[in-house]
Structure formats: structure tokens, C-alpha cells
K.L.:
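My questions will all concern the structure given below.
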Protein chains: 2
Amino acid sequence: MTTRERPPTMHDVAERAAVSQTTVSFVINGRDDYNISDETKERVWAAVRELNYRPNAMARGLRSNKSQLIGLISDEIATTVYAVQMVLGAQDAAWEQDKLLLVVSTGGNEEIKNRAVRIMLEHQVSSIIYATMFHRPARPPAALRTIPCVMLDCYDQEHTFPSVVPNEVQGGRTATETLIQAGHRRIAFINNVDPIPATFGRFAGYREALALHGLPYDDSLVVHASSDSGGGYLGAMTLMQLPAPPTAIFCFNDAMAMGAYDALRKLGRAIPDDVAVIGFDNIELIAAHLYPPLTTVRLPHYEMGQWAVNFLAEHGDTFPPPVQHRVDCPLISRASV
Amino acid sequence: MTTRERPPTMHDVAERAAVSQTTVSFVINGRDDYNISDETKERVWAAVRELNYRPNAMARGLRSNKSQLIGLISDEIATTVYAVQMVLGAQDAAWEQDKLLLVVSTGGNEEIKNRAVRIMLEHQVSSIIYATMFHRPARPPAALRTIPCVMLDCYDQEHTFPSVVPNEVQGGRTATETLIQAGHRRIAFINNVDPIPATFGRFAGYREALALHGLPYDDSLVVHASSDSGGGYLGAMTLMQLPAPPTAIFCFNDAMAMGAYDALRKLGRAIPDDVAVIGFDNIELIAAHLYPPLTTVRLPHYEMGQWAVNFLAEHGDTFPPPVQHRVDCPLISRASV
DNA sequence: ATACTCTACTAATACGATTTAGTAACACGG
DNA sequence: CCGTGTTACTAAATCGTATTAGTAGAGTAT
């Protein structure tokens, strides 16, 4: 129940080292353009150690008019396991620059969003990252325009904010090319039904890959289903009942791939020998535990988080240009192709 | 590339409202013990709105010697989906009190841990939450003793820090009792092999439940395996080959339950009719997608996170007593029992 | 001896708030 | 008319640091 005593200040250090507070400041900040003698420096550092002195970031921030804080606002957190990697990536990049992340997840609530921005501005964050937990368009609070800001895993329709998102097209292309390079010619795509960038992008990538390798696009090989294992099951069933069924299936995501596995098992088709399957998202819990382990494409969450912080850092406290950055989705090779 | 202009200060507001800066402070902080006339208050608020004034949290914090910040240090983040719920719970509880969370995940690195504490102290956090991503003993940096602190999902061996952890014993008991109440008498437990609190606690709960309901403890019904689906498969296989196999299996976690499902399917036993299965952790990806959906016990991550910041709040900026708090693990009923 | 430079510091101010200690103007009781 | 209170404010100090503008003293050149 004891209350804390006040921590020592620069004045305390100064007194102990028998120098002025100014000198302490110079020594601590390594301003050697103010020629302090080595002997004095040592006395100051000794006093710092003895008193266990730590600078007060609020005072420092007040005086220098900058904080070491970066705000991170996200709609939800951890809808999927890996989306959190964005926060981690951002955190690690911030850490490299001796900065800290102020994290608020709003649960999608508009009022909380606004209040979050306000409170973060009050705390003098140098910049704000506005993130969503899946790739989609978003409308950030207007107040964000008063401070350097990046959108992470989302973008505004008018592209007035810089943003970083996964390269869905390349991801779809990579998945499809992986199947092509394994020798497949009849490649199906079980797409999602939701009108989100991933749906359009991965499909575009699929078509690009076909075109690039001179394969015909066959409309009947593309089916749409709900983005869960049930949808994958249905999609695969439909495809395999085609007069000329595919020898490879690209699933919109890993959950759907799991459903496709069920369907293929039920039909007695071996993976990958009869039919190859590739997923998307690299949900470890699914992909690594399926039999055979699922080859899939990973969303570059961690890298996007890093990029966001580094991009902001590059621009100091000036407003960054509205770059629309895409990060490639790497292939995760397992055994289903 | 434009640089930001400085935001307005209280002085600006004061000037605009033609009052002193002191008056502005009184009005903004609602100090009506200083009888400011309604007319003046209105003028001040008008100026605040017109200038879009926001208080500077650093200046405020410096003067009042307290920040609105709570530090949260965790070893990893998002090893499992649900552990992140701790951060969310903490965040939401903090939000209720107009506080913000300063999050650092250290990746287990000792040096980063120490630096995190130091930086947080520099930032004048009112308290620190030290979290781990699974329930285990931990050794927090010594510097944590200089500030109010709670351990979240972990504890120090000497119980000198307050801590909040899941009630593993109750969780194990609940799981087992659920099976007992469904009419089962021969209940097996596939336990983990790692020497962690969950292993001991859930087992203790299992025995408690048996004892409580007058069921004999049969050593052969408890097997140990690695805590993944492979382990669950092996464990279930072993159990079902017993002369008198169990009619219900309590699995240490959901991944193992998934393996048990595989084994039972292979053996042609129906779930839950031939054998009931219950898991632990409520990993949505597994539990909800298994067939039949898995009845399991949830770890109270969100609630623990909440409890941590509320507990700290209750104690203001005094050092809280080393309470060792346990939060119950609720049953998540699905269809496997 | 004078002027100038260089070294090694220090005094004082400013950052933007909160808070303490006033004070001017007016009312009211005796 | 004096003393006391109340109302509605304001001036100034303060929090802990960074920074600007000095300054005292030694050395060096002329």
C-alpha cells in the first residue's frame, strides 16, 4: 500500500555530480558539440547510475514537441491468427526506432474510432496507422488528415491516404503458376462470394497465370462458394462432377481447402496424385495439420506492418504521399501439389 | 510534404475567449469550485470548438505527474488466436478508464524485456502488465518492482507479484463433470506431457470431479502424449485398445481432440454416441469445424486481461497486494458430448 | 599588453498544462 | 461607513527537460 516516491530528475543528477542541469542534459544526450570534459562526463554517468536516473519522456516530449509514440488503430484484433502479425510487424519496426506503439482496437465502433484518434492526437503521437483485419476499403475518421497516417490492410476509395495491402493478384498468380509448373493444365478455382478485394484480386491473378502460360480460361472451372470449409466441400464436389474434372484446385482460402480435402477424400481421389490442391492464407492450424499438409500462399501481414512504420519513419513528421503499396504474398510449399 | 503546424494551446483559446489561460483550464477541467460564470464558460467552449483545441497530454502529464498510459509487456503475441484476447480485454478495460495501452512484445528476449520496462517507466506509465501467452511461471525483470504491476497468465514462483491466471483445476473439473453428467462412468484423460500448470491443474480437476461423484480413479485411463493432433490420435488409440475402453475422453486441448476424432473415426466409433469427447481451449478453427462440433472449455483470456487492468485501477498508484487470482474457464457446449 | 579564440561549462527561458495564491468589484449586516 | 464575504476572475509558480545565449579562464598571436 506504499505510494511511490518521485523518481530522481536531472537536477538531482546535476547536484550529485556537482555540475549544472544543462551539463547533465548535454552528457546524457551525447551532445559532444558542447565539449564536456571526459572527467565530467564520467561524473555525470556515475551519478546517473547511482541514482538510477531515467529521463522523463513527458518532459522531454513537451520540450522537444515530439513523442516517441505511434498510434495504431484497428477495427478488430485477432479475427484470424495471422492478422495480429501486422501489429507485431509494426511493433518490431517501431522498436528499431526506439518508438512505442499505442494500440487501440475499436471493434468497428465509429465513435470509439473518433475518440481513439482524438486521444492519440492528445498524446502527441507522431503518426497513426489505421488498420483493418482483412483487406478491404475503409473510411478513416476525418481527423486523421491532421497527422501523418498510413492505412494498413485497407485503403480509402479515393486513394488520398497512403496504404499498404497484400498483392492479391500476385498471390493468385503465384498459386496458379505453382499448379501449372507442377504440370497441371485443367486448373479450377473455388472463389469466395464476398465482394472484397481478395475475391477480385485472386481471380485476376488466376486468369493472368493462365494467360501467361497459354492456357485457355474455362468458365466452368471457376465456382463460387462461402469462404468456409463447407463452401470448399461444395465447390470441390461441383467441380469433380464436371464431364472433364480439373486435376488441380486453387481454393480461395485454407478453410475452403480443408473442405475440398473432405470432398476429395469422399470421392476417393488422392491428394496430390489425383488432384492437387492449393490454399491461401497459411492458417497454420489448418494447413500444417491437414493430410497431406497443404501448400498455400501466405498473406504478408508482418511485412505490411513493418512497412507501414518504416514508411512513416522515412517521411519524418511530414505528410507522406498517398502511395498505394502492395506487398507480395509468398508461396508456402507443403505437400498438396 | 507540408510540415504540420503547431496545434493551438490553452493560451490561444484564452486569447480568443478573452479570458486568462487559468480560466480556460478551469472550464475545460470542469472545476466548478472556482465559480466561472456560465457566460464565460460558453465563450471558452466556443473558442475551443472554433480552434479545434485539444489538450496536450504530455504537458498535462508532466504537470500532474501522471500519464494515462498502462504498459503491457508480453513474451510473444498470438501464438494462439485466443491469447490475443488478453490484450483486447486489457485494452477495453483501459479504454473504460480513458487510458491507453502501450504494448510491447519481446519475443522472449531478456534484453528487450528490460529495455521495454525502462522505456515504459520513462514514459511514466502508471502500471505495467507482464503477460505470457500461455499459463506458466515467469521471472519478470527486477525493475518491475518499482511500479505497480500485475502478472497476466503467469506468476512468479515466490508469489511476490499479484497475478491472474486461468483456473485450470476448475476447468478440468468442469470438463470431467460435463462428461459425468452425460452419464459416463469410464472417463479417460489424454493429458499433455509438458510440465506446465495446465498439465497439473487439469489433471487435478479431473481427479477432483471423479472423487466428487464417487467414481474410482483408474490409472490406466490416463495417458500422456504430445499436445498436438498426433498426440491425441495416439492417446485415443491406446485408450480404445484397453480391455475395458472408456466411453468418454477428456482431451488436454482441442488439437489433441482433433487427433482423437481421427482415431475414433478410424476405429469406426461414433461421436458422441459410442464415445464422447471434450476438449480444452476452444480454438474456434478446430472446435467449430470438427464434425460433430467439439464441446470444449474456454480459457478466460479476455476476462483475465480485463481483470488485470481493473485490479490495477482499484489500487490507484499504490502497490497492489500480491493477490493470486484465478478466473474460471467456462464450458463451451457443442455436440461431442 | 591587447585582442582573439577555444574550452568547459552555467543561467535562464520555453514547452503547455495545473494549481496556489491572490485581487478587484460588489453586496450586505451592523 | 467599516468590515466581512462572495463572486468571478487572473498572475505566477511549477512539473522535468532541451536549448539558446552567455561567461570565466586559459592559450595564442601580434
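Because the structure is a prediction, the values reported are computed rather than measured. Letters go in sequence order (proteins before strands), and every chain restarts at 1.
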K.L.:
Under 3.5 Å, which protein N or O atoms sit close to an N or O of nucleotides 20-24 of chain D? Give each pair with its distance.
P.N.:
none

K.L.:
Any protein N or O atoms within reach of nucleotides 14-17 of chain C? Criterion: under 3.5 Å, listing atom names and distances.
P.N.:
residue: C:dA14; atom: N3; partner: A:R63; partner atom: NH1; Å: 3.2
residue: C:dC15; atom: O2; partner: A:R63; partner atom: N; Å: 3.4
residue: C:dG16; atom: OP1; partner: B:R6; partner atom: NH1; Å: 2.4
residue: C:dG16; atom: N2; partner: B:A59; partner atom: O; Å: 3.4
residue: C:dA17; atom: OP1; partner: B:Y53; partner atom: OH; Å: 2.6
residue: C:dA17; atom: OP1; partner: B:N56; partner atom: N; Å: 2.9
residue: C:dA17; atom: OP2; partner: B:M10; partner atom: N; Å: 2.5
residue: C:dA17; atom: O5'; partner: B:Y53; partner atom: OH; Å: 3.4
residue: C:dA17; atom: N7; partner: B:Q21; partner atom: NE2; Å: 3.3

K.L.:
What residue among B:V327, B:D153, B:V164 forms side chain to side chain contact (heavy atoms under 4.5 Å, CB included) with B:P300?
P.N.:
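Going through B:V327, B:D153, B:V164 one by one, the side chain to side chain contact (heavy atoms under 4.5 Å, CB included) with B:P300 is satisfied by B:V327 alone.
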K.L.:
Between the main-chain N or O of B:S74 and the side-chain N or O of B:S105, is there a donor-acceptor pair closer than 3.5 Å?
P.N.:
no
K.L.:
Considering only NZ, NE, NH1 and NH2 on the basic side and carboxylate oxygens on the acidic side, decide whether A:E50 and A:R43 come within less than 4.0 Å.
P.N.:
no
K.L.:
If you assign each of A:I28 and B:T23 to its closest nucleotide in DNA chain D, which residue comes earlier from the 5' end?
P.N.:
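Result: B:T23.
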K.L.:
Side chains of B:L299 and B:H135: closer than 4.5 Å at any heavy-atom pair?
P.N.:
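B:L299 does not reach B:H135 side chain to side chain.
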K.L.:
With sequence neighbours excluded, tell me which residues meet ring-ring contact (aromatic ring centres under 6.0 Å, His included) with A:F26.
P.N.:
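A:F26: ring-ring contact (aromatic ring centres under 6.0 Å, His included) contacts with A:Y34.
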K.L.:
Strictly below 4.0 Å, N to O, side chains only: are A:D75 and A:R136 in salt-bridge contact?
P.N.:
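Result for this pair is yes, salt bridge flagged.
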K.L.:
Just how far, in rounded Å, is C1' of C:dC6 from CG of A:D33?
P.N.:
15 Å
K.L.:
Counting distance only, does the side-chain N/O of B:Q68 pair as donor-acceptor with the main-chain N or O of B:D98 below 3.5 Å?
P.N.:
yes
K.L.:
Going by ring-ring contact (aromatic ring centres under 6.0 Å, His included), name the residues that satisfy it together with B:H325, two or more places apart in sequence or in a different chain.
P.N.:
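In terms of ring-ring contact (aromatic ring centres under 6.0 Å, His included), with neighbours along the sequence ignored, B:H325 is linked to B:W307.
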K.L.:
Going by heavy atoms in the side chains, are A:N310 and A:Q97 under 4.5 Å from each other?
P.N.:
yes
K.L.:
For DNA chain C, find the residues of residues 40-51 of chain B with a heavy-atom distance under 4.0 Å and give them by number; none if there aren't any.
P.N.:
none
K.L.:
Would you please indicate yes or no on a ring centroid separation below 6.0 angstrom for B:H315 and B:F319?
P.N.:
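Aromatic pair excluded; centres sit 6.0 Å or further apart.
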K.L.:
Between A:R298 and A:E303, does at least one N-O distance fall below 4.0 Å, as a salt bridge requires?
P.N.:
yes
K.L.:
Rounded to whole angstroms, how far apart are NZ on A:K66 and C1' on D:dT19?
P.N.:
13 Å
K.L.:
Between the side chain of A:S127 and the main-chain N/O of A:P148, is any donor-acceptor distance below 3.5 Å?
P.N.:
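No, the answer is negative, given that no donor and acceptor are paired below the 3.5 Å cut-off.
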K.L.:
With a 4.0 Å cut-off, would you call A:R118 and A:E111 a salt bridge?
P.N.:
no
K.L.:
Roughly what angle, to 10°, lies between the helix axis at the start of the helix from C:dA1-D:dT30 to C:dG30-D:dC1 and the one at its end, five pairs per end?
P.N.:
60°
